[in-house]
Amino acid sequence: MSKNDDLRSKSVEELDKELLELRRAQFGLRMQLATQSLTKNSEVERLRRQIARVHTFLAQKKASAK
């Protein structure tokens, strides 16, 4: 199952939880970047894309609910 299929099958509440977890992880990476202890710079971009993906599916679910 791909990332998109996994996200597509989740409810709005589950997507909100996923978004909150991703935002917390993003904050942690920003702190590591600020203290220069981040080893994988690509993680920041990967996480940004994942957040955007969740936002997209949230918008689709909310639009279809109306």
Side-chain angles (χ1 to χ4, degrees):
M1 211 176 207
S2 72
K3 293 180 212 175
N4 289 340
D5 291 337
D6 185 35
L7 290 175
R8 192 172 286 122
S9 66
K10 291 186 176 187
S11 69
V12 174
E13 293 82 20
E14 290 172 328
L15 287 172
D16 282 333
K17 281 185 180 180
E18 180 79 19
L19 185 60
L20 183 62
E21 291 173 14
L22 290 170
R23 291 284 187 178
R24 286 183 177 160
Q26 184 183 34
F27 178 77
L29 286 179
R30 281 199 322 257
M31 290 301 109
Q32 287 180 14
L33 187 63
T35 59
Q36 298 178 353
S37 62
L38 184 64
T39 57
K40 290 185 176 180
N41 291 336
S42 62
E43 284 296 308
V44 176
E45 185 175 347
R46 185 193 62 79
L47 204 54
R48 280 182 55 222
R49 288 182 179 173
Q50 186 66 18
I51 289 171
R53 193 174 289 124
V54 170
H55 274 294
T56 300
F57 284 111
L58 268 173
Q60 287 176 354
K61 296 258 182 186
K62 289 179 181 177
S64 67
K66 290 184 178 179

Check: For Asp5 and Arg8, what are the C-alpha separation, side-chain angles and deciding distance, and is it a salt bridge (charged side-chain N to carboxylate O under 4.0 Å, His left out)?
Finding: CA-CA 5 Å; Asp5 291 337; Arg8 192 172 286 122; 3.1 Å; yes
Check: Passes salt bridge (charged side-chain N to carboxylate O under 4.0 Å, His left out), Glu43 versus Arg46? Steps please.
Finding: CA-CA 5 Å; Glu43 284 296 308; Arg46 185 193 62 79; 2.9 Å; yes
Next item on the list: Show your working on side chain to side chain contact (heavy atoms under 4.5 Å, CB included) between Gln50 and Leu7 and close with a plain yes or no.
Entry: CA-CA 10 Å; Gln50 186 66 18; Leu7 290 175; 3.8 Å; yes
Checklist line | Check against salt bridge (charged side-chain N to carboxylate O under 4.0 Å, His left out), Arg49 and Glu45 | finding: CA-CA 6 Å; Arg49 288 182 179 173; Glu45 185 175 347; 2.6 Å; yes
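In this structure, CZ in Phe27 is found 15.5 Å from CG in Leu22, a value given to the nearest 0.5 Å. The CD atom of Glu21 sits 11.5 Å away from atom CG of Asp16, with the distance rounded to the nearest 0.5 Å. One distance of note links CG of Leu19 with CZ of Arg53; it measures 13.0 Å at 0.5 Å rounding. Note that CZ of Arg30 and OG1 of Thr35 are 13.0 Å apart. Values are rounded to the nearest 0.5 Å.
Hydrophobic clustering (ILVMFWY, side-chain heavy atoms < 4.5 Å, transitive): Leu20 and Met31 are in distinct clusters.
Remark: side-chain polar atoms of Glu14 are paired, donor with acceptor, to backbone N or O of Ser11 under 3.5 angstrom. Using a distance-only test at 3.5 Å, with no hydrogens or angles considered, a donor-acceptor pair links the side chain of Lys61 to the main chain of Lys10.
No more than 12 heavy atoms of other residues, nucleotides or ligands lie within 6.0 Å of CZ in Arg48, so this atom counts as exposed by the packing criterion.
In terms of heavy-atom proximity, Leu15 sits nearest to Leu58 at CB-CD2, 3.7 Å.
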